[in-house]
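Given the structure is predicted, the values throughout are model-derived calculations rather than measurements.
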Amino acid sequence: MYNLAIIGGGIVGLSTAYSLSLTHPKAKIIILEKEKSWAFHQTGNNSGVIHSGIYYKPGSLKATLCRQGNLSMVNFCEQQGIKYDVCGKIIVATKQEELPLLDNLYQRGLDNQIPVAKIMPEEVAEIEPHVRCLAAIKVESTGIVSYSEVSAKYADLVAEKGGDLRLNTKVHKITETSQGLVLATNQGEFVTDFVINCAGLYSDRITELTQVKPPAKIIPFRGEYYELIPEKRYLVKDLIYPVPNPNFPFLGVHFTRMIDGSVHAGPNAVLSLKREGYKKTDVDLGELMEILTYPGLWKLAAKYWSDGVEEIIRSFSKAAFVRSLQRLIPEIKAEDIIPTHAGVRAQALMPNGGLVDDFLIVESPRALHVCNAPSPAATASLEIGKAIAQKVPNYS
């Protein structure tokens, strides 16, 4: 019998378990993860950026928890000896029509109390010599880290506190009884007083298992990346981003130096034909039909069809992908990049076609569901864990 059961062993599930082990030291905690290793999906395939919080609506959970999370993540890495680098990033405008958007983004940075500075092309050249732009913003507090390593440390710390960590354990049914919630899995049954759903790409499905109707459906978007060949890594010193479309939840194709020294370029954003579909050929007919028959998807498509077409073209045309990169660094050539891993983003979508643009936590009497936690959830993971720990019953 457990007091708290966490479903999902990505960075949010693990950080939640870590926070609970500190704030509820007498509680018996279990984490159930269906894969063979921790941080297998979104966490293990993300860009490794410690975000600043510049993009998010002032006062939103994303803005608040990301700004706080930026600081707490750096402190955590310092304390635990995890390699990181607060290298800063630049966001560049390459067209006249992007300059007002850049100004808006700068103001949002100020509103979110983030250290930002407007810089001119000659100053950009000192930071990133190969970038060509009309103006830019320098964001000092952005950094890089391996979130897989961070997640592994969370897991170690939970185990040290007596938490029960179970891999290869998939929850397929949840039944409420007088004794508690019975979680039926491929490894037997587990009984708990309270469930915390951090299942990422399947968070809506787990919500439904508790007889709670999720307010939004998870729609998977695959982000495909290229990597600079080692001989061309000198073209990018740190992090280079375009001005994002303010109405679209993706940041556009950008350059990211990873903590291992490699440089990734991307991602695009295309509808995945399977919730965990990392390849174009990955298809699950049942999941695809569920996606295609969801009214919200078609309402979203009607609103952003031109952006969607551009993303699909980039997915199938390396030349189109390279042209997007050349907006930032004109001397990039097709032979300078090679395909690398893809990631899948769990994006919550409302029935009316509205994208859920903030973290979404749904509470019920015996469960708490993290129904939307895409980027910057990794950056904010410690703060999300703390916020969840304040909402669960106290078993100390």
- Could you tell me whether a side-chain N or O of Ser272 sits under 3.5 Å from a main-chain N or O of Gly277, the two making a donor and an acceptor? yes

- For the side chain of Thr64 and the backbone of Leu61, is there at least one donor-acceptor N/O pair under 3.5 Å apart? no

- Is the backbone N or O of Gly252 less than 3.5 Å from a side-chain atom of His254, with the two atoms forming a donor-acceptor pair by type? yes

- Task: Kindly assign one of parallel, tilted or perpendicular to the pair Tyr2 and Phe190, based on the angle between their ring planes and the thresholds 30° and 60°.
- Result: tilted

- Given a cutoff of under 4.5 Å between side-chain heavy atoms of I, L, V, M, F, W and Y, with clusters grown through shared members, what are the other residues clustered with Leu235? Ile90, Val92, Ile119, Val124, Ile127, Val131, Tyr226, Leu228, Tyr234, Val236, Ile240, Val253, Phe255, Val263, Phe321, Val322, Leu325, Leu328, Ile329, Ile332, Ile337

- Item | Set of residues satisfying salt bridge (charged side-chain N to carboxylate O under 4.0 Å, His left out) with respect to Glu128, sequence neighbours excluded | none

- Message: Looking at Asp336 and Lys333, would you say the former's side chain and the latter's main chain have a donor-acceptor pair under 3.5 Å?
- Response: yes

- Carboxylate-amine/guanidinium proximity below 4.0 Å for Lys217 and Glu290: yes

- Side chain Arg366, main chain Phe194, donor-acceptor under 3.5 Å: no

- salt_bridge(Lys118, Glu123) N-O dist < 4.0 Å: no

- Salt bridge present between Glu224 and Lys279 (N-O < 4.0 angstrom): no

- Spell out, as yes or no, whether a donor-acceptor pair under 3.5 Å connects the side chain of Lys280 to the backbone of Ser315. yes

- Message: Donor-acceptor pair, distance only, cut-off 3.5 Å: does the side chain of Ser262 make one with the backbone of Met258?
- Response: no

- Query: Under 6.0 Å between ring centres, would you say that holds for His341 and His264?
  - Reply: yes

